[in-house]
Amino acid sequence: MFKPPPAVKVSPSRPMEPPGSSLFNDHAADKRERLKSNVGYVKSMISRATPAQQAKNEKEFNDVVADYKTLRNLKDYCVHVDLDAFYAQVECLREPKYTRLPMAVGGDSMLSTANYPARKFGVKSGMPGFQAKKLCPQLVILPCDFKLYHKASWSFHQVLSKFDPDVRMAGLDEAYLNLSNFVADAPDGYSMNTVAYDGECQCNRPRKDDITEDDEVISSGDITCTICGMAQLYFNCTMNFSPGIDGMIRMLRMEVAMRTNLSCSAGIASSYYLAKVCSDINKPNGQFILPGDNDALDTFILSSPLKLFPGIGPTSSNSLAEFGIKTVADLLNHKKNLRFMVSNSQYYLLTRIVAGVDCPPDETEESTNETDNGIDSGKTVGTESTFTPTSNQAELVSLIRSFAKSAIESAKGDGVTSVGILFVKVKLGSYDVHTCSQKFNEQVPLTNVELLQNVSETLLTKFIAKQGKKDIRLLGVRYGELGMAPLSKVQTGLKSFLNKPTVGGRCVKRRKLEENTDPVTVIDLE
DNA sequence: TACATACAC
DNA sequence: GATGGTGTATGTA
């Protein structure tokens, strides 16, 4: 294992960025070493590749990309909508003072999200809270309140489903819509009566800055906000939206703003995949349209860094960077060696990125892996938890038994009645992760708590016996090959949320004022 | 089948 | 001083 040489004290003041020797950093360093060594190995392979091989690779790449490009549907309007700094924004509705102060949601060990004032300090989601506090000592960290976020998400979904009844939520704060059929039917555009806000008070949306030259302010005034007690200016106005997709999406975002008091960003493109990339570009409170035009697509894609594309995470991104590949354009310069550098599935992901198309639709549309006997082999459900590292076996056994139990409870909540396989996950103090599993000869009913606990314990003790006495910092239990209760019992009617396909209820073809409709938030803050 | 790695949110 | 939890997909042997 790589160990840095002992630090030498040269100056009385600490250097700004101590590399910090810790098990976590050691683990990260190990990982970097492994990555580099693998890259070195691949480079040596490439140096021995024959020109014929490389020519073949290049042809394959071109053919696959050309093939994928035939799947471009340039006329489609795929839309990705994403609430900005979602948890933080919702917390600001409850406690408006945080709109201007650096604040994050999460815990000391991990932040789920940070508001924009905090981001100015370099605070980011995924960062441990204690590190964020070093960057920004005045940072306020609030605990997650998922009940509240679910309420906000529900309101968000309600607005979106008026624009596309088949809207697909991807988590609480983002959604995909298809507006391909919508845009043409309003030659004069749309208009909407609303109230925009300004002033000290930050409780309400849309904001005055959201008003454009196309809009008309009917009247205005100032009051004291009943929520935060600060000065609030209001502008009764008619917002007018241009007839194309741009206006439609601005209208959608304004409707989200008035119904939830939350800002969101949107990306519009000819594929969902690209729409998702686009929604980040003008975040927060903005939108970006990638025109449905082959040249525009190619230009956009080629200039984009690979790490912006979903599926290219830190590992792939760093690995490719070692080969000198940072953007899609770089990728094209390495066509002939790509096959050596990435796995088969990554290869096809990369070719799809170049082509700018979505995954081909799933053959088994809308279906689970559920078989006739009600076993869903694909899904898993489990519980895991991190604690102060310990090697005390009695403690560990007690923990794994309690996790086995809570995983049962969580499975029950998902309508599971029996399990066919059990996984135990162990993370050592060194951050190395291991899993052990036990497949059962027949389905074990969730009522058999003792058995599932015993098996979990056995897997753990066997693992410890094999590894020797080491500190453990995380344990988890997960069940697979789930036997499901009959669907009618479980289905809580998510599908029934989808409303009628009316285009934005109150959003009508361009015509003048009705009366002022209430801009009241639909999020009930208690 | 059993385990490890990568990724999204 | 200290770096998350849940679930899916995929690679390898």
Side-chain angles (χ1 to χ4, degrees), chain A residues 18 20-28 30-31 34-35 38 80 82-83 85-87 104-113 124-134 141 143-144 146 149 153 169-175 273 276 307 309-320 342-349 359 362 368-369 376-389 403 406-407 410-411 413-414 416 420-441 459 462-463 466 473-482:
Chain A
S21 172
S22 69
L23 293 171
F24 181 84
N25 290 333
D26 290 350
H27 185 257
D30 281 357
K31 216 174 132 179
R34 280 202 303 279
L35 186 143
N38 185 53
H80 181 249
D82 200 331
L83 289 161
F86 177 48
Y87 298 170
V105 180
D108 215 35
S109 55
M110 178 71 42
L111 300 180
S112 289
T113 189
K124 289 189 288 198
S125 58
M127 179 179 275
F130 68 86
Q131 220 178 62
K133 284 231 171 192
K134 282 185 195 161
I141 300 179
C144 289
F146 284 104
Y149 310 150
S153 183
M169 295 298 290
L172 292 176
D173 64 336
E174 53 184 283
Y273 192 74
K276 162 106 178 150
K307 66 173 165 205
F309 292 88
I312 309 297
T315 306
S316 307
S317 165
N318 289 335
S319 173
L320 289 167
V342 299
S343 71
N344 195 50
S345 72
Q346 283 273 293
Y347 180 82
Y348 284 103
L349 172 62
C359 278
D362 206 342
T368 62
N369 295 318
D376 194 327
S377 58
K379 285 191 181 125
T380 65
V381 50
T383 306
E384 68 186 58
S385 171
T386 299
F387 41 84
T388 314
F403 293 152
S406 32
S410 132
D414 291 358
V416 175
I421 187 165
L422 185 159
F423 307 89
V424 162
K425 175 172 169 182
V426 180
K427 194 191 294 188
L428 300 177
S430 62
Y431 292 90
D432 287 319
V433 177
H434 299 272
T435 60
C436 336
S437 59
Q438 163 94 45
K439 189 170 164 26
F440 300 111
N441 293 324
L459 284 171
K462 274 191 187 164
F463 174 82
K466 201 172 59 186
R473 74 184 337 274
L474 169 147
L475 287 175
V477 176
R478 176 161 292 275
Y479 301 118
E481 299 185 1
L482 307 175

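Per chain, numbering begins at 1; letters A, B, ... match sequence-line order.
Among the heavy atoms of the strands lying under 4.0 Å from A:Lys31 are primed sugar atoms or P, OP1, OP2 only; no base atom is included. Among the atoms of the strands shown, none is found under 4.0 Å from any heavy atom of A:Lys134. Using a 4.0 Å heavy-atom criterion, one finds that A:Ser385 contacts the sugar-phosphate atoms exclusively. Residue A:Glu174 is in sugar-phosphate contact alone, with no base atom involved, counting any heavy-atom pair closer than 4.0 Å across all strands shown. When heavy atoms are screened at a 4.0 angstrom cut-off, A:Ser410 is found touching no nucleic acid atom at all.
One atom, CZ of A:Arg478, and another, C1' of C:dA9, lie 13 Å apart when rounded to the nearest Å. Distance A:Glu481 CD to C:dT8 P: 13 Å, rounded to the nearest Å.
For residues 420-441 of chain A, the salt bridge (charged side-chain N to carboxylate O under 4.0 Å, His left out) pairs, not counting sequence neighbours, are A:Glu384-A:Lys425, A:Lys439-A:Glu481.
Of the residues in residues 420-430 of chain A, none lies under 4.0 Å from DNA chain B by heavy-atom distance.
First and last contacting nucleotides of DNA chain B toward chain A (any atom under 4.0 angstrom from a heavy atom, 5' to 3' order): B:dT1 to B:dC9.
Here the CZ-OH distance, from A:Phe146 to A:Tyr87, works out to 4.0 Å after rounding to the nearest 0.5 Å.
If A:Thr380 and A:Met110 are placed on DNA chain C by their nearest nucleotide, the residue sitting closer to the 5' end is A:Met110.
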